[in-house]
Visitor: 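My questions will all concern the structure given below.
Note that the structure is predicted; figures quoted are calculated from it, not measured. Starting from 1, each residue takes its place in the sequence as its number. Note that ligands are numbered from 1 as they come in the structure, with each ligand's atoms numbered from 1 the same way.
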Amino acid sequence: MPRALITGITGQDGAYLAAFLLGKGYEVHGLLRRSASADLIGERLRWLGVLDQIEMHDGDLLDVGATLRIVAEVRPDEVYNLAAQSFVASSWQQPVLTGTVTGIGAVHMLEAVRIACPTARFYQASSSEMFGKIQEPVQTEKTPFYPRSPYGAAKLYAHWMTINYRESFGLHASAGILFNHESPLRGIEFVSRRITDGVARIKLGLASELALGNLDASRDWGHARDYVRAMWLMLQQSQPSEFVVATGRTTTIREFCSIAFGHAGLAWEEHVRSTPALMRPAEVDVLLGNAARARRELGWEPQIGLEEMAAEMVEADLARHRARLGSVTTRVELRGPAR
Ligand code: NDP
Ligand code: GDP
């Protein structure tokens, strides 16, 4: 039975990847950082129904001793380094933390693999944010990088260190340059979930408007379920490498609003307002990837389109809010009228 170790297993991609690998017969281990809210932390894995099938290891990416101990204990065949401070907007508020977790943290994992289990195959979660202020209208593996945020710069460092460990120590280390990917398990602070959650609240009468930032930015959005398959495919190749993973379609925030509100029968212009408070110090205006290499060499194709994904996200947010409303009503009913 192949054995995988995933950092960031409690995040969006970690949860989908864990479910995907379990479905392929893997033994799945995860690095879990200690939290005072331990009951909430496995929520995404619970949502996918896989939490109890994963062996968790207590550790933090910032603690190189812990990463070394865990890699030595697990002796994985494959390591997926997905843990990061992954929210671009926060990276200006916490640039040092972002550099440490998202950049140096990857090197902690590379060191742990190099020292304790050098035969393990390594995946680094690189990002289209490394292209930042784009140098070519369509980005490929050969497009020069120009990161526009502390997050993008930290990811670029981790990206080059992954390549460096491959070239210096012969590690089977690959990096997926993944463009934005979403799902019902996307963090609530990212724009897609902010929109679908806003649609659900407005539809259910819990809110009447949604404040967003720059509506003109444009992203190449795919579905996380499709993108974790690409991660796995990279580690099945005889030679490690870098791959762009993208859909080849770019959509503005405005258009995403139209699709998501439209799914619920709402007119987005009546509810969305743009506020300067949510603008960023430097913006990545547009991203558009060409995944021709991944299609050719990995046989990877995205299967879930944007409209289908937005509909799934809106439905999931409606269900979440309905469940919350239901439990509040039940509690009020049980308690009886307020005295
Ligand atoms: P999430 O933000 O959903 O998940 C991040 C994960 O990292 C969480 O499990 C989090 O744990 C963990 N983590 C954060 N800090 C630490 C730490 N110090 N020690 C251990 N674990 C830590 O991200 P996604 O799942 O969306 O993304 C996965 C990876 O892919 C990230 O590296 C992200 O930057 C990258 N990426 C994502 C893209 C996207 O569109 N989603 C695009 C390109 C790259 P906890 O639950 O405890 O907070
Ligand atoms: P990112 O591409 O990793 O930064 O993913 P996000 O989902 O956080 O942001 C995507 C784009 O949406 C960026 O260009 C943001 O400036 C833009 N955006 C507009 N309004 C918002 C908002 O309210 N929240 C977030 N997170 N992004 C927004």
Visitor: Please confirm whether G59 comes within less than 3.5 Å of ligand 1 when only nitrogen or oxygen atoms on both sides are compared.
Guide: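 G59 vs ligand 1: no N/O contact under 3.5 Å.
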Visitor: Looking at E315 and R320, is any side-chain nitrogen of the basic one under 4.0 Å from a carboxylate oxygen of the acidic one?
Guide: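 Result for this pair is no, no salt bridge flagged.
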Visitor: Tell me which protein heavy atom sits closest to atom 4 (O) of ligand 1, plus the residue, atom name and distance to 0.1 Å.
Guide: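 Atom 4 (O) of ligand 1 sits closest to the protein heavy atom G11 CA, 3.4 Å.
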Visitor: Using the ring centroid of each side chain, check whether Y151 and F87 are separated by less than 6.0 Å.
Guide: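 They do not qualify: ring centres at least 6.0 Å apart.
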Visitor: Which heavy atom of V245 sits nearest a heavy atom of A230, and at what distance?
Guide: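 Reported closest heavy-atom pair: CG2-CB, 3.8 Å.
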Visitor: Is it true that H181 and D13 share a donor-acceptor pair across their side chains at a distance under 3.5 Å?
Guide: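 D13 vs H181: donor-acceptor pair found between side chains.
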Visitor: Do me a favour and list the nearest non-hydrogen protein atom to atom 25 (O) of ligand 1 with residue, atom name and distance?
Guide: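 Of every protein heavy atom, D13 N, 2.8 Å lies nearest to atom 25 (O) of ligand 1.
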Visitor: For E283, take its heavy atoms, then give the atoms of ligand 2 lying under 4.0 Å from any of them.
Guide: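 The list of qualifying atoms is 13 (C), 14 (O), 15 (C), 16 (O).
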Visitor: Check each heavy atom of L212 against ligand 2 and say whether those closer than 4.0 Å belong to the side chain, the backbone, both or neither.
Guide: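 Both parts.
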Visitor: Is it the side chain (CB and beyond), the backbone, both or neither of Y151 that lies under 4.0 Å from ligand 2, heavy atoms counted?
Guide: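 Neither; nothing of Y151 gets under 4.0 Å from ligand 2.
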Visitor: Does V88 approach ligand 2 within less than 4.0 angstrom via side chain, backbone, both or neither, non-hydrogen atoms only?
Guide: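 The side chain, only.
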Visitor: Which of the atoms of ligand 2 are close to A217, meaning less than 4.0 Å from one of its heavy atoms?
Guide: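 Near A217, meaning under 4.0 Å from one of its heavy atoms, ligand 2 has 14 (O).
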Visitor: Where is the nearest protein heavy atom to atom 37 (C) of ligand 1: which residue, which atom, and how far?
Guide: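 Here the nearest protein heavy atom works out to H181 CE1, 3.9 Å.
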Visitor: Do ligand 1 and R44 have nitrogen or oxygen atoms that lie under 3.5 Å from each other?
Guide: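 It does not: no N or O of R44 is found under 3.5 Å from an N or O of ligand 1.
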Visitor: In the protein, what heavy atom is nearest to atom 48 (O) of ligand 1, and what distance, to one decimal place, separates them?
Guide: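 Among all protein heavy atoms, the one nearest atom 48 (O) of ligand 1 is R33 NH2, 2.8 Å.
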Visitor: With distance as the sole criterion, is a donor-acceptor pair present between the side chains of Q237 and S174 under 3.5 Å?
Guide: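 No, because no side-chain N or O of Q237 sits under 3.5 Å from a partner of the opposite role on S174.
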Visitor: Does ligand 1 have a heavy atom under 4.0 Å from the side chain of E129, from its backbone, from both, or from neither?
Guide: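 It is neither; nothing of E129 touches ligand 1.
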Visitor: For the backbone of Q303 and the side chain of D226, can you confirm whether one donor and one acceptor N or O come within less than 3.5 Å of each other?
Guide: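 Between the backbone of Q303 and the side chain of D226 there is a qualifying donor-acceptor contact (under 3.5 Å).
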Visitor: Record the part of E189 in heavy-atom contact with ligand 2 below 4.0 Å; permitted values are side chain, backbone, both and neither.
Guide: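 For E189, the contact with ligand 2 is made by the backbone alone.
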Visitor: Is a salt bridge present between R69 and E73, judged by a nitrogen-to-oxygen distance below 4.0 Å?
Guide: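 Result for this pair is yes, salt bridge flagged.
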Visitor: For atom 6 (C) of ligand 1, which protein heavy atom lies nearest, and how many Å away is it?
Guide: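 Of the protein heavy atoms, G8 CA, 3.5 Å lies nearest.
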Visitor: Got the closest protein heavy atom to atom 3 (O) of ligand 1, with its distance?
Guide: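 For this ligand atom, the closest protein heavy atom is Q12 N, 3.0 Å.
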Visitor: Using a 4.0 Å heavy-atom cut-off, which part of N180 comes near ligand 2: side chain, backbone, both, or neither?
Guide: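 Answer for N180: side chain.
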Visitor: Check this for me, if you would: do E301 and R295 make a salt bridge, where the nitrogen-to-carboxylate-oxygen distance has to be below 4.0 angstrom?
Guide: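 The answer is yes: the pair qualifies as a salt bridge.
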Visitor: Tell me, which protein residue and heavy-atom name are nearest atom 1 (P) of ligand 1, and how many Å apart are they?
Guide: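 The answer is S86 OG, 3.6 Å.
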Visitor: Give a yes or no on whether a salt bridge exists between D216 and R254, defined as a side-chain N under 4.0 angstrom from a carboxylate O.
Guide: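 Salt bridge between D216 and R254, a charged N being under 4.0 Å from a carboxylate O: yes.
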Visitor: Hey, is ligand 1 close enough to S127 that some N/O pair sits below 3.5 Å?
Guide: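 No; every N/O pair is 3.5 Å or more apart.
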Visitor: When you compare ligand 1 with S128, is there at least one nitrogen or oxygen pair between them that comes in under 3.5 angstrom?
Guide: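 No, S128 has no N/O under 3.5 Å of an N/O on ligand 1.
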Visitor: Kindly state whether the ring of F179 and the ring of W221 have centres lying under 6.0 angstrom apart.
Guide: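 Between F179 and W221, the centre distance exceeds or equals 6.0 Å.
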Visitor: Does a side chain donor of either Y80 or Q124 reach within less than 3.5 Å of an acceptor in the other side chain?
Guide: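 Distance-only check fails for Y80 and Q124.
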Visitor: Is any N or O atom of N81, backbone or side chain, closer than 3.5 Å to an N or O atom of ligand 1?
Guide: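 Checking ligand 1 against N81, no N or O pair falls under 3.5 Å apart.
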Visitor: Can you check which of F179, Y151, W221, Y227 brings a heavy atom nearest to atom 36 (N) of ligand 1?
Guide: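 Result: the heavy atom closest to atom 36 (N) of ligand 1 is in Y151.
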Visitor: Counting both backbone and side chain atoms, is some N or O of N180 under 3.5 Å from an N or O of ligand 1?
Guide: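 N/O-N/O distance under 3.5 Å: no.
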Visitor: Short list, please: which atoms of ligand 2 are under 4.0 Å from a heavy atom of E129?
Guide: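 Ligand 2 atoms under the 4.0 Å threshold to E129: 1 (P), 2 (O), 3 (O), 4 (O).
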Visitor: Quick one: does T7 get within less than 4.0 Å of ligand 1, heavy atoms only?
Guide: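 Contact absent.
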Visitor: Return yes or no for this condition: an N or O of L82 is under 3.5 Å from an N or O of ligand 1.
Guide: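 For ligand 1, there is an N or O atom that lies under 3.5 Å from one belonging to L82.
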Visitor: Of all the non-hydrogen atoms in the protein, which one sits nearest to atom 10 (C) of ligand 1, and at what distance?
Guide: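 It is T10 OG1, 4.0 Å.
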Visitor: Indicate yes or no: does R3 engage E27 in a salt bridge with an N to O separation below 4.0 Å.
Guide: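 Here R3 pairs with E27 in a salt bridge, since their nearest N and O are under 4.0 Å apart.
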Visitor: Will you find, in the side chains of Y26 and W232, an N or O donor that is under 3.5 Å from an N or O acceptor?
Guide: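 There is such a pair between these side chains.
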Visitor: Could you check whether W47 and Y16 have their ring centres less than 6.0 Å apart?
Guide: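 Judged by ring-centre distance (under 6.0 Å), Y16 and W47 do not meet the cut-off.
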Visitor: Going by the closest heavy atom to atom 14 (C) of ligand 1, which one wins out of A84, A83, A224?
Guide: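 Going through A84, A83, A224 one by one, A84 has the nearest heavy atom to atom 14 (C) of ligand 1.
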Visitor: Within ligand 2, which atoms have a heavy atom of G213 less than 4.0 Å away?
Guide: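 Contacts of ligand 2 toward G213, numbered from 1: 19 (C), 20 (N), 21 (C), 23 (O).
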Visitor: Kindly confirm or rule out an N or O of K155 lying under 3.5 angstrom from an N or O of ligand 1.
Guide: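 Yes, there is a polar N/O contact under 3.5 Å.
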Visitor: Should you measure from each heavy atom of S126, which atoms of ligand 1 turn up under 4.0 Å away?
Guide: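 Close to S126: 43 (C), 44 (C).
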Visitor: With distance as the sole criterion, is a donor-acceptor pair present between the side chains of T250 and D220 under 3.5 Å?
Guide: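 There is no such pair between these side chains.
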Visitor: Find all atoms of ligand 2 within a distance of less than 4.0 Å from any non-hydrogen atom belonging to R194, and give their numbers and elements.
Guide: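 It comes down to these atoms of ligand 2: 22 (C), 23 (O), 24 (N).
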Visitor: Can you check whether F131's main-chain N or O pairs, donor with acceptor, with R148's side chain at less than 3.5 Å?
Guide: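 A pair under 3.5 Å: no.
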Visitor: Any carboxylate oxygen within less than 4.0 angstrom of a Lys/Arg side-chain nitrogen, looking at E312 and R193?
Guide: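 Here E312 does not pair with R193 in a salt bridge, since their nearest N and O are not under 4.0 Å apart.
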Visitor: Do the side-chain N and O atoms of Q236 and E78 include a donor-acceptor pair separated by under 3.5 angstrom?
Guide: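 Yes, because at least one side-chain N or O of Q236 sits under 3.5 Å from a partner of the opposite role on E78.
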Visitor: Ligand 1 and I41, any nitrogen or oxygen pair closer than 3.5 angstrom?
Guide: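 Checking ligand 1 against I41, no N or O pair falls under 3.5 Å apart.
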Visitor: Quick check on contacts: which atoms of ligand 2 are under 4.0 angstrom from a heavy atom of F87?
Guide: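 Counting from 1, the qualifying ligand atoms are 8 (O), 26 (N).
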